[in-house]
Amino acid sequence: MARKKKELPLLQSISIEGIAGEGKALTHVNGQVLFVPFAAPGDVCDIQVTKKKSSFMEGRITEIITPSPQRVTPFCSHFTICGGCKWQHLPYSLQLETKDQVVRDALCRIGKIDVETYLPILGSRRTERYRNKLEFTFSHRRWLQPNEFSALDEREVRDLSGLGFHLPGMFDKVLDIDQCHLGAEVLDDIRLFIRDYCKARPERYPYFDLRKQEGFMRTLMMRTTSTGEIMLVVVFFREDEEARTTLLDAVKEHFPQITSLLYVINAKANDTITDQEIHCYSGRDYIEERMEGLTFRIGPKSFYQTNSEQAYELYKVAREFAELTSKEHVYDLYTGTGTIANFVARNATSVIGIEYVPEAIADAKINSEVNGIDNTLFYAGDMKDILTEDFILQHGRPEVIITDPPRAGMHEDVITTILRAAPQRIVYVSCNPATQARDLQLLTASGDYRVTKSRAVDMFPHTHHIENVVQLVRHVH
């Protein structure tokens, strides 16, 4: 006989103390830490415990008895449900203060790093409509809002289809989005047009059933640039040339400003299109971003920072920390599409970029060619396999290494090779302060390098994510 699940308590009149990692708030109850999403420091609220462990608890607010004076009104009707934003209820100044402290805590507590100078965090000028890339999913069975449960029977809700975001932790539930305040307004217009066009013709354009793996309309991906260019990628589950062409023609007619209209036929079990053929229906198969007179081509599979304005600020910090004088050989590790490599190339003798993804390296080479940059070289492959002593002997020892690894940080073999290369300066760009701190501890363990500067750059307002740039300088004992 199954053991009856223990009922978790409802905690009443709990005061929220501060902000924790992963976008949650925290407080202490009977000596235990309690994590609560969508709470603000100073809130007094009733909290239903949803998870109870020996060292911590998690809970959700059932009622805010006294709202914190720091609370602000969220600007999105989907806030707390869609999961894309964690902090719309907090003033932006508090978000920046929290993120800055997260970076400092990670470097100090995890890395045991003594940073000589912390420069002020760079906030985003725009806190709405700042994202240049959004992805949406079609679902035949969307997540129902509380006001749709009046009869407590899904069968009485006539239209269950939806186009929007996956709810956190629910692969088969999609929240239908009326308006997303993160992307440009035109992206809302395009998405709603496609949603309504397909809903008006359900037999011809059935929304995808994620469990049964059947249907026609699968996903949308949209990208924009600061120059006003728009890319739309429509992903279908199967080929139906007549239906596909009719829909894409309607989109093209209503939105002539779309500069890159692409489509994919993805019959796989998952939604990723990195291994799928991209078909260009109209316009070019790329869009262009510009920065300091440089042009960067962005394809449907290209990685590019999702906040264009803040990407520019991030790259400027990295270049400043590199302290280039046009005499240095630079290695740009985890170069992606070569954005940083090409951005600093005019200030260096040569730049070598290394990246795991071959398609990204192809983009990096194109970006150098488009901009007339002839002092870059790019290599594709696993970093720890390419960046070896032989590679360094062949291409010359770098005076500066810039590294921008994924969230998992750098492999220890890569760190060892960086130390053997003995550059004068290392610039470490990271989207994960915890793994950055771990790697910095290894880089400074020998005493050959000291961490001189650190600067956080906020790329993602209303989320807990933060980018940080650190400068390490080599010194001789």
Side-chain angles (χ1 to χ4, degrees), residues 2-92 94-95 97-99 102 139 141-154 156-157 160 162 164-182 461-465:
R3 179 184 295 178
K4 186 177 180 181
K5 194 172 182 180
K6 187 176 180 180
E7 190 173 332
L8 295 172
L10 174 67
L11 306 176
Q12 296 182 309
S13 299
I14 301 298
S15 297
I16 302 299
E17 298 169 3
I19 303 296
E22 301 301 316
K24 298 175 182 177
L26 65 80
T27 190
H28 292 81
V29 178
N30 298 327
Q32 276 190 309
V33 178
L34 172 63
F35 297 106
V36 187
F38 309 119
D43 278 346
V44 178
C45 43
D46 291 345
I47 299 169
Q48 174 63 57
V49 176
T50 56
K51 180 187 287 187
K52 190 173 181 6
K53 299 292 185 180
S54 58
S55 57
F56 73 94
M57 296 183 290
E58 294 181 2
R60 59 177 174 82
I61 296 174
T62 60
E63 182 180 359
I64 299 176
I65 299 168
T66 306
S68 167
Q70 296 194 81
R71 270 191 174 270
V72 296
T73 303
F75 50 79
C76 179
S77 62
H78 303 298
F79 181 61
T80 74
I81 302 174
C82 105
C85 297
K86 306 291 186 186
W87 285 346
Q88 283 188 22
H89 63 298
L90 300 179
Y92 190 50
L94 179 58
Q95 295 181 36
E97 180 184 320
T98 301
K99 292 181 179 185
V102 164
S139 175
R141 193 176 184 83
R142 62 185 167 84
W143 180 260
L144 295 180
Q145 302 281 13
N147 61 1
E148 296 180 283
F149 278 109
S150 57
L152 298 179
D153 189 342
E154 287 188 9
E156 295 191 15
V157 181
L160 288 173
F165 297 127
H166 283 278
L167 270 76
M170 298 184 182
F171 85 95
D172 63 336
K173 289 293 186 182
V174 167
L175 178 69
D176 193 64
I177 299 294
D178 292 320
Q179 184 180 32
C180 179
H181 294 261
L182 298 183
H462 313 300
T463 78
H464 61 280
H465 300 292

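Values in this document were obtained by computation on a predicted structure and should not be read as measured data.
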*Asks:* At what distance, to the nearest 0.5 angstrom, does CG of L8 lie from NZ of K51?
*Replies:* 11.0 Å
*Asks:* Is a donor on one side and an acceptor on the other found under 3.5 Å between the side chain of W87 and the backbone of H464?
*Replies:* no
*Asks:* Do side-chain atoms of Q88 reach the backbone of F79 as a donor and acceptor pair under 3.5 angstrom?
*Replies:* no
*Asks:* Distance from R141 atom CZ to K173 atom NZ, nearest 0.5 Å?
*Replies:* 5.0 Å
*Asks:* Indicate the atoms forming the closest heavy-atom contact of H78 with Q179, along with that distance.
*Replies:* CD2-O, 3.5 Å
*Asks:* Please walk me through it: do L182 and C85 pass side chain to side chain contact (heavy atoms under 4.5 Å, CB included)?
*Replies:* CA-CA 9 Å; L182 298 183; C85 297; 4.0 Å; yes
*Asks:* Just verifying a value: how many Å separate T62 OG1 and L10 CG, rounded to the nearest 0.5 Å?
*Replies:* 5.0 Å
*Asks:* Do side-chain atoms of Q48 reach the backbone of P9 as a donor and acceptor pair under 3.5 angstrom?
*Replies:* yes
*Asks:* Kindly indicate, with the supporting measurements, whether the criterion side chain to side chain contact (heavy atoms under 4.5 Å, CB included) is fulfilled by I47 and V29.
*Replies:* CA-CA 11 Å; I47 299 169; V29 178; over 6 Å; no
*Asks:* Between A39 and I61, which heavy-atom pair has the shortest distance, and what is it?
*Replies:* CB-CD1, 3.8 Å
*Asks:* Within this structure, what is the SG-CG distance for the pair C180 and D178, rounded to the nearest 0.5 Å?
*Replies:* 11.5 Å
*Asks:* For residues T80 and F38, report the shortest heavy-atom separation together with the two atoms involved.
*Replies:* CA-CZ, 3.5 Å
*Asks:* Could you tell me whether the side chain of Q32 and the main chain of K53 form a donor-acceptor pair under 3.5 Å?
*Replies:* yes
*Asks:* Taking all heavy atoms of E58 and all of L34, pick out the closest pair and write down the distance.
*Replies:* C-CD1, 3.8 Å
*Asks:* Applying salt bridge (charged side-chain N to carboxylate O under 4.0 Å, His left out), which residue pairs with at least one partner in residues 63-78 are found, sequence neighbours left out?
*Replies:* D43-R71
*Asks:* Roughly how far, to the nearest 0.5 Å, is CE of M57 from CG of L26?
*Replies:* 11.5 Å
*Asks:* How far does OG of S139 sit from CG of L167, to the nearest 0.5 angstrom?
*Replies:* 10.5 Å
*Asks:* May I ask you to decide if S15's main-chain N or O and T27's side chain share a donor-acceptor pair within less than 3.5 Å?
*Replies:* yes
*Asks:* Looking only at non-hydrogen atoms, find the nearest pair between L94 and Q70 and report the distance.
*Replies:* CD2-OE1, 3.5 Å
*Asks:* Could you tell me if the side chain of I19 sits less than 4.5 Å from the side chain of L90, heavy atoms only?
*Replies:* yes
*Asks:* Do the rings of H462 and Y92 sit parallel, tilted or perpendicular, given the 30° and 60° boundaries?
*Replies:* tilted
*Asks:* For P41 versus S68, what's the shortest heavy-atom pair and its separation?
*Replies:* O-OG, 2.5 Å
